[in-house]
Student: 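Below is the structure I would like to discuss, written out as structure tokens.
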Amino acid sequence: MNRHFTDARYYFRRGFEHLYAGLDEETAPLRRRLMAALGREVEDGEESEPQTRRERVEYGARRAATRSRRAAGRVRRRVRRPE
């Protein structure tokens, strides 16, 4: 595969990722209202605020681990070259 196809595939994938993220963000309120109307639990994605010192430390550790995994995944996707 020559460089033009490689570049086109890269930009197509990036464009699709942005499209998906945009649609997900725009439809979030609608999904939340629909789930509430159906009587299902609405997932906020955010955990409740920890109360004790130990909970705050554990929460911070989980959050740091999650953020580092996401950052590593973004780096891997950027560095990965299609064959």
Side-chain angles (χ1 to χ4, degrees):
M1 197 182 314
N2 69 27
R3 185 69 179 164
H4 297 291
F5 289 114
T6 304
D7 288 347
R9 195 168 92 179
Y10 168 78
Y11 286 113
F12 179 75
R13 188 178 74 232
R14 292 279 299 173
F16 184 75
E17 289 171 358
H18 282 280
L19 174 66
Y20 181 79
L23 287 173
D24 189 47
E25 185 178 324
E26 289 293 321
T27 59
L30 177 63
R31 281 194 318 266
R32 206 171 274 125
R33 283 189 304 195
L34 179 64
M35 295 300 276
L38 293 174
R40 296 187 179 175
E41 185 174 324
V42 178
E43 298 176 10
D44 282 337
E46 294 292 327
E47 297 178 10
S48 62
E49 195 63 33
Q51 300 298 319
T52 65
R53 181 178 294 166
R54 181 181 180 145
E55 287 176 346
R56 285 193 299 267
V57 169
E58 289 173 350
Y59 174 78
R62 280 194 313 270
R63 188 167 180 210
T66 301
R67 291 177 74 187
S68 65
R69 279 193 300 272
R70 285 182 187 159
R74 285 192 300 266
V75 168
R76 264 190 245 107
R77 283 191 300 271
R78 275 192 187 178
V79 171
R80 187 180 338 163
R81 298 266 173 163
E83 295 178 16

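These numbers were taken from a predicted model, which means no experiment stands behind them.
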Student: To the nearest 0.5 angstrom, please state how far the CG atom of Leu34 sits from the CG atom of Leu30.
Tutor: 6.5 Å
Student: Whether the side chain of Asp7 engages the backbone of Tyr10 through a donor-acceptor N/O pair (distance < 3.5 Å, no angle test) should be reported.
Tutor: no
Student: Looking at Gln51, Arg56, Glu55, which one forms a side-chain contact (heavy atoms from CB on, under 4.5 Å) with Arg53?
Tutor: Arg56
Student: What is the distance from atom CZ of Arg9 to atom CZ of Arg14, rounded to the nearest 0.5 Å?
Tutor: 15.0 Å
Student: Please name the pair of heavy atoms, one in Arg77 and one in Glu17, separated by the smallest distance, quoted to 0.1 Å.
Tutor: CD-OE2, 4.1 Å
